[in-house]
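For the numbers below, each heavy atom of this structure counts, side chains included, while hydrogens, waters and symmetry mates do not.
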Amino acid sequence: MSDEKKEGIPRDTGEKAMAGPESGAPGSGGGGKSRFFIVLSAILGLLLAGVVAFYNIPAFHLLLHPHAGSDNAAKTADMYTCGMHPFILSDKPGNCPICGMTLTKIEGPEAPGGATVVPSTPAAKPSGGARVILFYRNPMNPNITSKRPAKDEMGMDFVPVYEDEVKGSGAGVNLPEGYATVQVGAERVQMAGIQSATAVREAISHPVRAVGIVVPDERRVRRIQSKVEGWIEKLHTNFTGQTVTKGQPLMEIYSPDLVATQREYLLARAGADRMKESPYEDAREMSSGLAEAARMRLKLFDVPESFIAELERTGKVQRTVTLNAPASGYVTGKEVFEGTRVMPGMDLLTVTDLSRVWIEADLYEYEAQAVRVGQTATLETVADPGTKLKGRVAFIYPTFSPETRTLKVRFEFPNPGLRLKPQMYANVALDLHSVTSVVVPDSALIETGVRVIAFVDSGNGSFEPREVKVGVRGNGKAQILSGVKAGEKVAVGANFLLDSESKLRAALTKMTGGASAPSPPQSQSQPAPTPKPQPQPQPQGQGDHTGHGGGQ
């Protein structure tokens, strides 16, 4: 074997060995790398084709990237929620089970002013007399309106304003200024708790109640005084509060004047008896006159008639004279004791008849003007709540109290069983202004400070505001002088809701072109004073593809 052969064999073998896997010989590792590049190229080609289709084929673009308003989005994203209760979710439109507000869609592009607009179009006037929506207003600020459904900054839905709401119900009726007829609907009347009552013609009176104080009847108070000088020998009435009857002995008094008068009367009486047989008429008359004068003097000293009769019968002078009670009642004052020296004009005892008492009560100016003497009154006491007594107005004082600005009125009541005791508090009630007229519940009236408003139920959930004139009020009812007729129904429950809604609708009527309409309200669909470019809305079913480069 030559040298070339020896050298050639290992040279070829070494070259193949060095080629290793990089050579393309069958069975080597070069085939795996080729398949890898083929798969990678296919994947890149598919991705490139998908990107091209995404930006150039609208159907494929909407499939992978649905937009609000597209048919696909309507099928997959129709979720509704309540603006007041966001935790309420529903897959179909309806009303909130808590507050009754209309559920709105969740998705939607941002509207001008920060409100989220639910893609929709204003409701067209449908057939069959359905209600027509004119625009939508902000529930928190009625001056902000929108031609499309929207949400405010807090997520609350704009409230739809219907055509029949802004027209007002006029129909020849003069509505109060700033008010409009409210159309609620029969179902919402029950939900809002609105109740109605019928105006009837009946008698009504204005009850007046006042707190009075029981005082004794001054005409039934008797003071027993001494008309002579003397001393109290014995007291038959020894304590205050003791009951006495008319003619009952009260005390025995010793007085030198009374003893001398007794003696004079006996002498004059004896002289008159002797002169009865005198032939001189003047002498007979003089002697009888002296006897009569002495007897009258005893009577003027309050000597009881029974004491004088006893003196005439016995002809003996008594050391003490017994004084009797001039009237029945209770001893309410005692200023003497046994052995007390008394002088003429000194108070000895006070006897008060409490079978009838006075009640003095204070009435305010507007109440006192209608009080008349002789009106019937009813009395109740805290001490005896189950007892009612009937009395009358006995006297009206001619002057007002400068401190309390009240007028004192005196009532007279019987006092059976001494139930009314002096200085006791008592509740007095009397009815004033008793008239027969149209009467409605007092809760049907809304006081505005300048006028009084009542809402008349016209039926079918319609309530008409009316200005009424009110007369007498009492016992939860009010007299209607004008504005409501007998037989008409007025709202008596939740009428404050009707009041606010009526004022709001009246304001909306002005904003939509009323006779005295102010400048148009600021609408979210109108440009601001310094307008900024806003994206134009797209027709329903097509999305805004700005930035994606497709869908032209």
Side-chain angles (χ1 to χ4, degrees), residues 169 171-184 186 189-190 192-210 361 363-380 388 390-393 409 411 427-503:
S169 72
V173 179
N174 294 326
L175 298 179
E177 182 180 358
Y179 284 84
T181 298
V182 180
Q183 295 284 346
V184 181
V189 167
Q190 298 180 356
I194 302 175
Q195 301 176 357
S196 300
T198 304
V200 296
R201 188 174 185 84
E202 63 181 20
I204 183 174
S205 60
H206 174 54
V208 174
R209 292 178 174 84
L363 301 182
Y364 293 106
E365 296 183 27
Y366 70 93
E367 297 173 337
Q369 299 302 322
V371 179
R372 299 291 182 269
V373 175
Q375 287 179 332
T376 303
T378 305
L379 179 142
E380 293 181 355
K388 290 186 178 181
K390 289 188 177 296
R392 66 182 188 91
V393 178
V409 178
F411 300 87
N427 299 320
V428 182
L430 67 159
D431 293 333
L432 306 178
H433 299 294
S434 181
V435 295
T436 301
S437 182
V438 179
V439 177
V440 299
D442 199 16
S443 59
L445 306 179
I446 299 178
E447 303 279 355
T448 65
V450 180
R451 55 191 174 180
V452 181
I453 301 297
F455 284 88
V456 178
D457 188 354
S458 303
N460 298 325
S462 177
F463 293 88
E464 176 187 328
R466 294 186 189 177
E467 182 176 354
V468 298
K469 292 184 178 180
V470 183
V472 179
R473 294 193 182 191
N475 298 323
K477 298 180 180 180
Q479 175 195 11
I480 302 299
L481 302 177
S482 64
V484 177
K485 300 179 181 179
E488 292 183 321
K489 292 185 177 181
V490 292
V492 296
N495 47 359
F496 66 95
L497 297 176
L498 298 176
D499 179 69
S500 59
E501 185 67 18
S502 178
K503 292 179 180 178

Is there a side chain to side chain contact (heavy atoms under 4.5 Å, CB included) between Lys390 and Thr378? Walk through the geometry before answering. CA-CA 5 Å; Lys390 289 188 177 296; Thr378 305; 4.0 Å; yes
Should Tyr364 and Val208 be marked as a side chain to side chain contact (heavy atoms under 4.5 Å, CB included) after you check the CA-CA gap, both sets of side-chain angles, and the distance that decides it? CA-CA 10 Å; Tyr364 293 106; Val208 174; over 6 Å; no
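Here Leu363 contributes atom CG and Leu430 contributes atom CG; the two are 7.0 Å apart, rounded to the nearest 0.5 Å. The CD atom of Glu501 sits 11.0 Å away from atom CD of Gln183, with the distance rounded to the nearest 0.5 Å. With values rounded to the nearest 0.5 angstrom, Leu498 atom CG is found 11.0 Å from Thr181 atom OG1.
Judged as a side chain to side chain donor-acceptor pair (under 3.5 Å), and not counting sequence neighbours, the contacts of Glu202 are Lys477. For Ala454, the side-chain contact (heavy atoms from CB on, under 4.5 Å) partners two or more places apart in sequence, or in a different chain, are Leu445, Val468. Every residue meeting the side-chain contact (heavy atoms from CB on, under 4.5 Å) condition with Arg451, not counting sequence neighbours, appears here in chain and number order: Pro176, Glu177, Tyr179, Thr448, Ile453, Glu467.
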Side chains of residues 469-476: which donor-acceptor partners sit under 3.5 Å, not counting sequence neighbours?
unit_1 : atom_1 : unit_2 : atom_2 : d
Arg473 : NH1    : Asp442 : OD1    : 3.3
Arg473 : NH1    : Glu447 : OE2    : 3.3
Arg473 : NH2    : Glu447 : OE2    : 2.4

Please tabulate, for side-chain N and O atoms in residues 194-201, each donor-acceptor pair with protein atoms closer than 3.5 Å (sequence neighbours left out).
unit_1 : atom_1 : unit_2 : atom_2 : d
Ser196 : OG     : Asp457 : OD2    : 3.1

Indicate every side-chain donor-acceptor pair of residues 481-497 with a distance under 3.5 Å to a residue at least two apart or in another chain.
unit_1 : atom_1 : unit_2 : atom_2 : d
Glu488 : OE1    : Arg466 : NH1    : 2.9
Glu488 : OE1    : Lys485 : N      : 3.0
Glu488 : OE2    : Arg466 : NH1    : 3.1
Glu488 : OE2    : Arg466 : NH2    : 3.2
Asn495 : ND2    : Ser443 : O      : 2.9

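You'll find the side chain of Pro465 reaches within 4.5 Å of the side chain of Leu175, heavy atoms only.
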